[in-house]
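Working notes, structure below.
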Amino acid sequence: MQARIRELEAQEAKDRHRWQQAHAGRRWKLQPERPDAMALLHRGDCATYPVVGGFIGRDEALIALEMPEVEPCRVCRPETGLAHP
C-alpha cells in the first residue's frame with residue numbers, strides 16, 4: 001500500500017511539473033537591464049533566466065518588445081510565441 005502511495009505521489013509531482021512547464025511556455029518574463037547589457041524579454045520557460053519577479057502576459061510582452069531598451073532573447077526567441085494571439 002505504501003509503495004502505491006509513493007508511486008501516485010511521484011506521478012502527481014511529474015504531472016504538476018509538466019503543467020507548470022507548459023503554462024510557463026505561454027507566458028513571458030523580463031530580465032532587467034544591466035550596466036553591460038540591455039533588458040531582455042524571455043519566454044516563460046526559457047532556462048537562461050530564472051523567474052525572479054514573476055511572469056508578464058502577452059500584452060505586456062508586446063509592449064516590452066516595442067521599447068528600444070528591450071531586446072528579445074536570442075535563445076528562446078519570445079517574439080515567435082507572440083505572433084499568434
I need the [X] [atom1] to [Y] [atom2] distance, nearest 0.5 Å.
X	Y	atom1	atom2	value
Arg6	Met1	CZ	CE	12.0 Å
Leu41	Tyr49	CG	OH	11.5 Å
Met38	Met67	CE	CE	10.0 Å
Trp28	Cys73	CH2	SG	14.0 Å
Glu79	Arg43	CD	CZ	9.5 Å

Heavy-atom side-chain proximity of Leu65 to Pro72 below 4.5 angstrom =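 When only atoms from C-beta onward are counted, Pro72 and Leu65 do touch, with a gap below 4.5 Å.
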Test applied, side chain to side chain donor-acceptor pair (under 3.5 Å); reference residue, His42; option that passes from Lys29, Gln31, Arg77 |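 That would be Gln31; it is the only one of Lys29, Gln31, Arg77 passing the side chain to side chain donor-acceptor pair (under 3.5 Å) with His42.
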What's the verdict on side-chain contact (heavy atoms from CB on, under 4.5 Å) for Val70 and Leu30, showing C-alpha distance, side-chain angles and the deciding distance?
-> CA-CA 9 Å; Val70 177; Leu30 195 57; 3.9 Å; yes
Taking Glu66 for its side chain and Ile63 for its backbone only, find out whether a donor-acceptor pair lies under 3.5 Å.
->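 A pair under 3.5 Å: no.
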With a cut-off of 6.0 Å (strictly less than), are more than 12 heavy atoms of other residues, nucleotides or ligands near CZ of Arg74?
->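 At most 12 heavy atoms, drawn from other residues, nucleotides or ligands, come within 6.0 Å of this atom.
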